[in-house]
Protein chains: 2
Amino acid sequence: MRPLAHPALEDIQLEGILHALSDPVRVAIFTNIAGADCAQTCSAFAEVNDKPIPKSSLSHHFKVLREAGLIRSERQGVEMRNTSRCLEIEGRFPGLIPAILNAHAVQAARAA
Amino acid sequence: MRPLAHPALEDIQLEGILHALSDPVRVAIFTNIAGADCAQTCSAFAEVNDKPIPKSSLSHHFKVLREAGLIRSERQGVEMRNTSRCLEIEGRFPGLIPAILNAHAVQAARAA
DNA sequence: TCTATAGTTCGGATAAATGGAACTATTGAA
DNA sequence: TTCAATAGTTCCATTTATCCGAACTATAGA
């Protein structure tokens with residue numbers, strides 16, 4: 001198991017962020033992590049929107065979020081603590097993440 | 001040639017917008033169209049960032065932008081007039097497009 | 001009617017997403 | 001220690017999406 005790759009703030013690309021969040025499962029995961037007040041494990045998302053996600057797919061989704069620079073993942077014992085990098089990203093791309101999270105909330109509210 | 005599909009405002013999905021703009025060529029095209037004060041043809045983008053884009057690829061990129069709801073394309077004689085749907089989208093997802101355009105500008109400025 | 005121009009569609013090659021199965025790392029109990 | 005359980009990762013085959021050259025369609029103008 002090679003060490004987890006986290007891009008430096010200055011290496012975070014807009015295209016990578018948009019690609020990562022263009023998947024409904026990933027945007028749901030990220031929204032949850034960004035809104036949580038404590039770190040979330042991967043396995044907390046074994047189901048997303050009442051749909052079960054295979055763990056190999058979950059692992060892939062977390063990798064995409066991590067490599068886009070959206071989350072930071074640190075092993076804590078047997079599990080992984082995932083936290084968002086919203087504050088950092090805000091410094092590089094002001095307003096971007098809040099606008100996306102807001103749009104996601106608008107869409108979810110509209111759908112319900 | 002079937003008629004061009006433009007989603008209604010209420011059918012525009014966040015994921016579709018993010019996916020469309022997660023490609024460096026498409027975000028460059030959209031930025032240009034959104035910032036232009038008159039409609040732009042497809043062929044105006046035969047080169048993007050000094051890189052030639054094959055016209056079948058260009059056509060595909062415009063289709064993705066159109067079906068995501070980001071642009072409106074109307075045939076005018078032999079060519080296509082493309083305009084952005086920024087104002088409409090602003091009503092559904094306030095601040096989203098400006099934040100993305102700003103992030104793109106920040107990144108372009110940083111790279112130079 | 002012929003030619004040129006602007007885009008679209010087709011189809012094959014290449015790349016990326018999906019998910020089951022096997023593997024690795026850490027913990028805690030026997 | 002050793003063993004079992006848990007949390008993620010990696011491997012790999014299948015499916016799906018992207019890329020782009022070539023052929024096609026639509027419109028305008030000579």
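Per chain, numbering begins at 1; letters A, B, ... match sequence-line order.
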Here the distance between atom C1' of D:dT6 and atom NZ of A:Lys55, to the nearest Å, is 8 Å
Looking only at non-hydrogen atoms, find the nearest pair between B:Arg85 and B:Ile71 and report the distance.
CD-O, 3.6 Å
Just checking A:Ser56: base, sugar-phosphate only, or nothing, at a heavy-atom cut-off of under 4.0 Å?
base
Out of the candidates B:Ile33, B:Val25, B:Ile53, only one should pair with B:Phe45 under the side chain to side chain contact (heavy atoms under 4.5 Å, CB included) rule; please name it.
B:Ile33
CD1 of B:Ile97 to CG of B:Asn102, rounded to nearest 0.5 Å, is 12.5 Å
Measuring to OP1 and OP2 of D:dT18, would you say a side-chain N or O of B:His19 lies under 4.0 angstrom away?
yes
Using the rule that two of Ile, Leu, Val, Met, Phe, Trp, Tyr join whenever any of their side-chain heavy atoms come within less than 4.5 Å, decide whether B:Leu96 and B:Leu101 are in one cluster.
yes
What nucleotide among D:dC19, C:dT18, C:dG7 has an atom nearest to a side-chain atom of B:Ser57?
D:dC19
Nearest to the A:Thr41 side chain among D:dG8, C:dT8, D:dC19, which nucleotide is it?
D:dG8
Whole Å only: how far is the CG atom of B:Leu58 from the C1' atom of D:dC19?
12 Å
Hphob cluster co-occupancy, B:Leu58 + B:Val78, side-chain heavy atoms under 4.5 angstrom
no
Residue B:Arg75, side-chain atoms from C-beta onward, closest of C:dA17, D:dA7, D:dA26:
D:dA26
Name the residue closer to the 5' end of DNA chain C, choosing between A:Ile53 and B:Ala44 according to the nucleotide with the nearest heavy atom.
B:Ala44
Measure from NZ on B:Lys63 to P on D:dC19 and round the result to the nearest Å.
13 Å
In whole Å, I'd like the distance from the CZ atom of A:Arg81 to the P atom of D:dT6.
18 Å
Pick the nucleotide of DNA chain C nearest each of A:Gln76 and B:Cys42; which residue has the one closer to the 5' end?
B:Cys42
So B:Arg66, base contact, sugar-phosphate only, or nothing? Heavy-atom distance under 4.0 Å.
sugar-phosphate
So if I take the C1' atoms of five pairs at each end of the helix from C:dT1-D:dA30 to C:dA30-D:dT1 and get each local axis, what angle do the two axes make, rounded to 10 degrees?
10°
B:Ile29 CD1 to C:dG7 C1', in whole Å, measures 13 Å
Between P of C:dA6 and CD of B:Gln40, the distance in whole Å:
14 Å
Write down the distance between NE2 (A:His61) and P (C:dA17), rounded to a whole number of angstrom.
10 Å
Is there a donor and acceptor pair, one atom on the side chain of B:Ser59 and one on the base of C:dG7, closer than 3.5 Å?
no
Check the pair A:Arg72 / A:Glu88 against salt bridge (Lys or Arg N to Asp or Glu O under 4.0 Å), numbers first and verdict last.
CA-CA 11 Å; A:Arg72 193 172 291 283; A:Glu88 282 178 86; 3.1 Å; yes
Side-chain atoms of B:Asp23 come closest, of D:dC19, C:dG7, D:dA7, to D:dC19
Looking only at D:dG8, C:dG19, D:dT6, the nucleotide nearest the A:Val78 side chain is D:dT6
Please report, rounded to the nearest Å, how far the P atom of D:dG8 is from the CG atom of A:Asn82.
7 Å
Reported CD1-to-CD distance for the pair B:Ile12 and B:Glu67, which is rounded to 0.5 angstrom
12.0 Å
Could you check B:Arg66, B:Lys63, B:Arg81 and say which one makes a side-chain hydrogen bond (donor to acceptor under 3.5 Å, both in side chains) with B:Ser73?
B:Arg66
